[in-house]
Amino acid sequence: MFERAERSDRAVILHPVFPGDGPELLDEFCELARSAGVVIADVLTAPRDRPDARYFVGKGKIEELAATVEESGAGLILFSRPLSAIQERNIEKRCQRQVLDRTTLILDIFAQRAQSYEGKLEVELAQLRHLSTRLVRGWTHLERQKGGIGLRGPGETQLETDRRLVGDRIRQLRARLDKVQRQRAQSRRRRQRSEVQTVALVGYTNAGKSTLFNRLTESTVDTRDMQFATLDPTVRKLADVPGGGVLMADTVGFVSSLPPELIAAFRATLLESREADLLLHVVDISDRFRAERRQEVESVLESIGADEIPQILVFNKIDKAGEPSGTHRDPEGRVDQVWLSAAEGTGVEALRKAIVEQLEGSRVTRWIQLGPGDARLRAQLFELGAVSEEEFTSKGDWRLRVDLPRDAAERLARQGGAAGDVARAQLLS
């Protein structure tokens with residue numbers, strides 16, 4: 001059996017190509033490898049009609065792979081498709097090099113990027129779930145039995161011990177994550193109670209979401225040109241919005257065939273998208289595979305139940321594509337597409353106006369007049385931060401300029417004793 005040496009950063013990529021596959025799959029995997037800090041020594045492709053049970057690719061291609069890694073001095077093999085544990089072990093045994101498949105590589109990138117306590121827990125949980133299916137690898141120490149005076153007999157193999165320890169650690173991580181996610185859920189409920197609206201940025205990884213996030217919120221989120229530069233969810237107040245009270249969430253970028261382990265582990269990040277009032281779907285217009293990328297994002301949104309949320313399609317990087325800025329309206333007159341450059345700031349103000357316009361469609365913004373019997377309603381409106389101006393009439397009544405979500409206005413109007421009939425009618429008109 002082969003024992004793994006120290007991790008090498010020089011790798012050979014093996015990319016199986018099936019009928020109908022486009023070149024974007026290999027391009028994306030090479031970008032993933034570079035994002036992980038890998039130096040690509042060579043790239044091999046292997047046309048296939050179906051996976052081989054032993055190596056995924058044919059035996060001849062594995063022999064070519066073994067010769068290539070030996071000649072190039074690479075210490076790592078990156079396989080662009082998910083491998084079974086047996087296939088991974090067989091390739092490692094023949095080539096005498098460590099093998100990372102697509103899922104393991106993405107998990108490695110996530111492990112490098114995670115900064116928050118919650119993010120680190122989610123990455124470790126995803127890694128252990130993936131590892132738990134791979135404890136049949138060619139590690140010689142897994143064959144040893146526990147032994148010693150008084151302990152001889154059937155004993156417990158090291159493999160069984162590892163499985164038990166992994167299972168125990170997974171349970172510990174789930175318990176910690178449950179606690180963290182309960183705290184995050186409480187924060188979301190507080191935002192909902194205070195009627196704060198949320199706009200979530202979604203899109204393919206490296207589409208420019210974080211650059212746009214910084215423009216709109218005046219923040220300094222990491223915007224390096226690499227896959228998954230943003231991993232932990234970030235929520236900031238949207239700047240320069242009339243009335244305020246709008247938060248923006250920057251979420252992890254999607255990627256084709258996102259591993260199930262990551263979708264399951266990063267449910268907290270994805271919840272920021274599912275519970276938003278508006279989604280900004282950012283598309284890199286300079287990417288020749290933008291149509292495929294867009295479809296991948298739509299598929300993930302559908303899988304997490306976020307496909308029914310109102311959405312504005314944002315075509316970013318017009319400076320690279322040589323496209324002009326502009327907007328498009330749907331048949332109902334609402335802006336549903338915006339062309340801009342987040343890096344240069346061109347078209348960003350048009351997007352900001354579109355966001356406000358979209359959110360105002362579900363808001364009540366008007367002057368109302370309250371009498372002495374409506375003091376409780378006045379207090380509730382101030383508590384919600386819905387009052388932007390207040391005046392007094394000659395009769396001693398209050399005139400308030402209010403701005404709040406329509407469902408909040410309807411709820412206040414329905415509350416018994418909260419206001420008189422006239423005040424309720426003003427909120428619902």
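This is a predicted model, so every value here is computed, not measured. As a basis for the values below, the full set of heavy atoms in this structure was taken, side chains included, without hydrogen atoms, waters or symmetry mates.
With contacts defined as side-chain heavy-atom distances shorter than 4.5 Å, the pair Q380/R376 qualifies. Counting heavy atoms from C-beta on, the side chains of D42 and I13 never come closer than 4.5 Å. The closest side-chain heavy-atom distance from D397 to P372 is below 4.5 Å. With contacts defined as side-chain heavy-atom distances shorter than 4.5 Å, the pair I40/V43 qualifies. Looking only at side-chain heavy atoms (C-beta outward), L201 and M248 come within less than 4.5 Å of each other. By the 4.5 Å heavy-atom criterion applied to side chains, E88 and F79 are not counted as neighbours. The closest side-chain heavy-atom distance from L278 to T198 is not below 4.5 Å. In this structure, Q337 and F315 have side chains that are in contact, with non-hydrogen atoms separated by less than 4.5 Å.
The two atoms that bring P16 and R81 nearest to each other are O-NH2, 3.1 Å, heavy atoms only. Here the closest heavy-atom approach between residue W398 and residue E390 is recorded as CD1-OE2, 3.2 Å. The minimum heavy-atom distance linking P82 with D101 is given by the pair CA-OD2, 3.6 Å. When all heavy atoms are compared, the tightest approach of K209 to D250 is CB-OD1, 3.9 Å. A pairwise comparison of heavy atoms in D49 and P19 identifies OD1-CG, 3.9 Å as the closest pair. Nearest heavy-atom pair, G37 versus D9, reported as atom, atom and distance to 0.1 Å: O-CB, 3.9 Å.
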Would you check, one step at a time, whether the test side chain to side chain contact (heavy atoms under 4.5 Å, CB included) holds for V283 with I285?
-> CA-CA 6 Å; V283 177; I285 196 172; 5.7 Å; no

L78 and F29: CA distance, side-chain angles, deciding distance, side chain to side chain contact (heavy atoms under 4.5 Å, CB included) verdict = CA-CA 9 Å; L78 300 182; F29 190 72; 3.8 Å; yes

Go through L212 and L340 one step at a time and tell me if the side chain to side chain contact (heavy atoms under 4.5 Å, CB included) criterion holds.
-> CA-CA 10 Å; L212 181 58; L340 55 78; 4.3 Å; yes

Yes or no on side chain to side chain contact (heavy atoms under 4.5 Å, CB included) for E308 and E302, after CA distance, side-chain angles and deciding distance?
-> CA-CA 8 Å; E308 296 297 326; E302 183 178 359; over 6 Å; no

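With rounding to the nearest 0.5 angstrom, the OG1 atom of T45 is 8.5 Å from the CG atom of L14. Distance check: L216 CG to I355 CD1 gives 5.0 Å after rounding to the nearest 0.5 Å. Within the model, atoms CG of L313 and CG of L280 stand 10.0 Å from one another, a figure rounded to the nearest 0.5 Å. Between L26 atom CG and D21 atom CG the span is 10.5 Å, to the nearest 0.5 Å. Between the CD1 atom in I170 and the CD atom in E124 there is a gap of 9.5 Å [rounded to 0.5 Å]. Put simply, CD on E323 and CD1 on I318 are 8.0 Å apart, with the number rounded to the nearest 0.5 Å.
Each salt bridge (Lys or Arg N to Asp or Glu O under 4.0 Å) pair with one or both residues in residues 278-289, not counting sequence neighbours, appears once here: D27-R288, D284-K317, D287-R293.
Of the possible donor and acceptor atoms, one in the side chain of E92 sits under 3.5 Å from a partner among the backbone N and O of V99. Here the side chain of T104 pairs no donor or acceptor atom with the backbone of L100 at under 3.5 angstrom. No donor-acceptor distance shorter than 3.5 angstrom exists from the side chain of D336 to the backbone of I312, with no hydrogens or angles considered. Judged purely by atom type and a 3.5 angstrom limit, Q87 uses its side chain to pair as donor or acceptor with the backbone of S84. Proximity of a side-chain donor or acceptor of R10 to a complementary backbone N or O of S72 within less than 3.5 Å is detected. Under a 3.5 Å cut-off, the side chain of E218 and the backbone N or O of L238 do not form any donor-acceptor pair. Judged by distance alone, with hydrogens and angles left aside, the side-chain atoms of T217 form no donor-acceptor pair with the main-chain N or O of R236 at under 3.5 Å. Listed for the R215 side chain is a donor-acceptor partner under 3.5 Å among the backbone atoms of A343.
A salt bridge links E357 with R329: the closest approach of a Lys/Arg side-chain nitrogen to an acidic carboxylate oxygen falls below 4.0 angstrom. Contact check on D374 versus R378 returns no salt bridge, with no Lys/Arg side-chain nitrogen under 4.0 Å from an Asp/Glu carboxylate oxygen. A salt bridge links E64 with K61: the closest approach of a Lys/Arg side-chain nitrogen to an acidic carboxylate oxygen falls below 4.0 angstrom.
Evaluation of the side chain to side chain contact (heavy atoms under 4.5 Å, CB included) rule for R399 yields W367, Q369, E391, T393 as partners, not counting sequence neighbours.
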